[in-house]
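Reading through the structure tokens given below for one structure.
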Amino acid sequence: MDLSLLYEFDVPQPWAGEHPWGQRTEERRVYKENIEQIVLADKVGFDTVWLVEHHFRENRSHMPCNEAVLGALSQITERIKLGFGVSLMPHEFVHPARVAEKVATVDVLSRGRAVWGMGRSTPMEQIAFGVDIPASKDKMRAAARTVVGMWDQEYYEEDSEYLKFPKRMVTPKPYQYPHPPAWMAAATESSATIAGENGCGLLCFSIMQPLDKLASIIKTYRAAQESAVPLTGVHTNKVGVYTLVHCAESRDSFATNRVWESMWWWYEGLAKFHLKWEMAHLTDEQKADAFPLLEAKVRNDFDIERFDQEDMVIAGTPDECLQKFLRWEAIGVDQLLCYLNFGYLPHEAVMKSIELLGTRVMPELQKRGAARAAASLGQQISDTERTLRSDRQAA
């Protein structure tokens, strides 16, 4: 299993100062520190950094222009792959030509390190951009086919239900041939099925779920992959899942660095965002059912450390984190997207977490992976030899 990163560039409130300087000051700090963290992750060997595209999400996800940040990272990193996590694909968000241009540009700038994730977002953003929500799945797939056509053909034109586009040369073409691998965002079994049927990698954004529930989503995805008809020119059959991760030399630093407080900030912010923007039409009872831990916390009937105890997040010393990663790997995760910068964690604590994961945890994961690969190869050789002996005896 590879370790990667997921960044949203969270800017926790309250901000120090009134508008206009409170927000600006904090955003400047967050952009500077998060980029420093990603540069360190590149040096210690993380596989991919995925950057979200979110709009209007105050407090969290001040990252509307992932192509700009990925372009900057292409010039100050060397090995880490640069993931669009994701590009919002329905036509109302952006013309498919713009997606083709920006992903290919990052790929050229990085000499072939771009990874293309695609998604539809949620009603809060869809409504603001005037997205036809019932048609958004079809539009996402149609836009993806258009993007691939623009990369594949010297001149591209289209006259379809969703797009009228005259014959034009779309530039630049990607560095990778035929194009960067394609992944699709999903949070449910139904959306995981769509990713699998279309031969796209699965970016599972179902957060803080029991591992058995994630295992069910992954199983559904793998089943759909068995009859996949690739949407793009690159067939990808891999699973990426994200969760909150914090690694430290000792748990003694957790209180000082506000680890548990930061995890609750993340959960509470996610819940309140959905209740305000995505679930406003529900009854109070339905809202309580959607996020029962909010009321449980008010009653002092929930301890955030339960997320850690049940492996829904990964926190601890390098040895503890390694054992937790292995449990995630066991359910079929190919790439774990570490959400390292959340809540009130000090920049220095996040940098230390990245260092420990890169120098103490990842080498052990790689060793175990190499051992499993060798054992699998040995088993294949034994099976082949056994078959040959049987054939000779039969002859």
Side-chain angles (χ1 to χ4, degrees), residues 3 5-17 22-38 40-41 44 46 49 52 54 57-63 207-209 242-275 291 293-322 324-325 336-358 360-361:
L3 293 192
L5 306 168
L6 178 70
Y7 269 83
E8 299 197 62
F9 286 25
D10 296 332
V11 186
Q13 293 172 321
W15 298 323
Q23 178 181 350
R24 284 169 165 80
T25 300
E26 284 302 292
E27 286 174 340
R28 292 172 187 178
R29 177 188 62 80
V30 166
Y31 267 74
K32 176 180 179 295
E33 291 179 354
N34 285 195
I35 287 173
E36 288 177 2
Q37 293 162 16
I38 295 166
L40 176 61
V44 300
F46 278 76
V49 57
V52 304
H54 277 313
R57 298 202 176 186
E58 60 192 80
N59 195 41
R60 284 189 54 226
S61 302
H62 290 229
M63 169 74 75
I207 186 67
M208 290 185 175
Q209 297 291 338
Y242 90 113
T243 193
L244 305 184
V245 176
H246 185 73
C247 188
E249 291 279 11
S250 167
R251 286 176 175 257
D252 292 343
S253 65
F254 280 17
T256 303
N257 292 328
R258 304 171 72 184
V259 172
W260 305 125
E261 185 182 351
S262 294
M263 284 189 179
W264 180 252
W265 169 88
W266 198 95
Y267 177 85
E268 183 180 41
L270 179 73
K272 289 183 176 179
F273 168 82
H274 280 281
L275 291 171
F291 293 100
L293 298 185
L294 289 179
E295 290 189 11
K297 193 73 163 59
V298 171
R299 299 192 307 267
N300 290 320
D301 194 26
F302 175 76
D303 184 349
I304 189 68
E305 293 188 40
R306 270 181 49 195
F307 285 135
D308 173 45
Q309 294 158 3
E310 297 176 19
D311 294 334
M312 288 187 274
V313 299
I314 295 173
T317 65
D319 288 341
E320 289 173 332
C321 287
L322 174 63
K324 290 174 180 289
F325 284 131
L336 198 141
L337 285 55
C338 301
Y339 200 119
L340 291 162
N341 193 325
F342 52 91
Y344 313 108
L345 291 174
H347 174 53
E348 295 75 16
V350 178
M351 293 288 277
K352 186 63 177 178
S353 181
I354 291 170
E355 177 193 336
L356 291 172
L357 291 170
R360 303 262 295 275
V361 178

Could you tell me whether the side chain of Thr243 and the main chain of Met312 form a donor-acceptor pair under 3.5 Å? yes
Interatomic distance, NE2@His62 vs CD@Glu8, rounded to 0.5 Å, equals 10.5 Å
Could you check, using the six-membered ring where one of them is a Trp, whether Phe342 and Trp265 have ring centers closer than 6.0 angstrom? no
Working to the nearest 0.5 angstrom, can you tell me the gap between His347 NE2 and Asn34 CG? 8.5 Å
To check you understand the geometry: which heavy-atom pair defines the closest contact between Cys247 and Ser353, and what is its length? N-OG, 3.0 Å
Atom pair OH/SG of Tyr7 and Cys338 - distance to nearest 0.5 Å: 9.5 Å
Okay, side chain of Lys324, backbone of Asp308: is any donor-acceptor separation there less than 3.5 Å? yes
In sequence, state the C-alpha distance, the side-chain angles, and the governing distance for Leu340 and Gln37, and then conclude on side-chain contact (heavy atoms from CB on, under 4.5 Å). CA-CA 9 Å; Leu340 291 162; Gln37 293 162 16; 5.7 Å; no
Just wondering, more than 12 heavy atoms not from Glu58 lying within 6.0 Å of its CD? no
Nearest-0.5 Å distance, CG of residue Asp10 to CG of residue Asn59: 7.5 Å
First locate atom CZ of Arg306, then atom CH2 of Trp260, and finally report the distance between them rounded to the nearest 0.5 Å. 13.0 Å
What verdict does the side-chain contact (heavy atoms from CB on, under 4.5 Å) test give for Leu244 and Tyr267, after you've listed the backbone C-alpha separation in whole Å, the side-chain angles of each residue and the deciding distance to 0.1 Å? CA-CA 10 Å; Leu244 305 184; Tyr267 177 85; over 6 Å; no
Using a 3.5 Å distance criterion without hydrogens, assess whether the side chain of Thr317 forms a donor-acceptor pair with backbone atoms of Ser250. no
Look only at the side chain of Asp303 and the backbone of Glu305, and say whether a donor-acceptor pair between them is shorter than 3.5 Å. yes
Would you say Met351 and Leu40 make side-chain contact, with heavy atoms under 4.5 Å? yes
Heavy-atom closest pair, residues Pro318 and Val361: O-CG2, 3.6 Å
Closer than 4.0 angstrom, basic N to acidic O: yes or no for Arg29 and Glu26? yes
Glu295 atom CD, over 12 foreign heavy atoms within 6.0 Å: no
For the pair Phe254 and His246, name the ring-plane relationship: parallel under 30°, tilted 30 to 60°, perpendicular over 60°. perpendicular
I would like to know whether Glu355 and Lys352 meet salt bridge (Lys or Arg N to Asp or Glu O under 4.0 Å); could you show each step before the answer? CA-CA 5 Å; Glu355 177 193 336; Lys352 186 63 177 178; 3.6 Å; yes
Keeping Arg251 on the side-chain end and Ala315 on the backbone end, is there a donor-acceptor pair under 3.5 Å? yes
The reported gap from CD1 in Ile354 to CG in Leu5 (rounded to nearest 0.5 angstrom) is 6.0 Å
Answer yes or no: is there a side-chain heavy-atom contact under 4.5 Å between Ile314 and Leu336? yes
Shortest non-hydrogen contact from Leu270 to Phe291? O-CZ, 4.5 Å
Look at the aromatic rings of Trp266 and Tyr242 and report parallel, tilted or perpendicular, splitting at 30° and 60°. perpendicular
